[in-house]
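Here's the structure, in structure tokens; my notes come after.
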Amino acid sequence: MCELAGKGNVSEMIWFCKNLDLQGFGKRLKDVCDRYDTMMEKIMKEHKEARKKKELKDDGIKDVLDIYEDENLEIKMTRKTSKASLWG
């Protein structure tokens, strides 16, 4: 991700190329996001299973899962936003 963020993108510098993925940044960024999503799904699933077995450690993922599963919240947290909050 840092490698993609640190490079210049020709499509951003030349206005008529903005919809073209000349250097493949869009494709690589989508690949990184998909791999991150898969990794976070696995981690959240592991934590959820550990919670059922009462083996869960007290960490940030536990807190995000608590908020995600809380039915009494006025604004519900989606699976997508819970993964995003762990990333940022």
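All values derive from a computational prediction rather than experimental measurement. Scope of the values below: all heavy atoms of this structure, side chains included, with no hydrogens, waters or symmetry mates.
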Inset, instruction - Please identify each residue that fulfils side-chain contact (heavy atoms from CB on, under 4.5 Å) with Ile43, with sequence neighbours left out. - result: Met39, Met40, His47, Ile61
Legend entry - Heavy-atom pair of closest approach, residues Leu65 and Met44: CD2-CE, 3.7 Å
Inset, instruction - Can you run down the salt bridge (Lys or Arg N to Asp or Glu O under 4.0 Å) pairs that involve residues 65-75, sequence neighbours left out, and say none if there aren't any? - result: Lys48-Glu69, Arg51-Asp66, Arg51-Glu69, Lys62-Asp66
Legend entry - Residues Asp31 and Lys27 bridged, charged N to O under 4.0 Å: no
Inset, instruction - Please identify each residue that fulfils side chain to side chain donor-acceptor pair (under 3.5 Å) with Thr38, with sequence neighbours left out. - result: none
Inset, instruction - Kindly check if the number of other-residue, nucleotide or ligand heavy atoms within 6.0 Å of NZ (Lys42) is above 12? - result: no
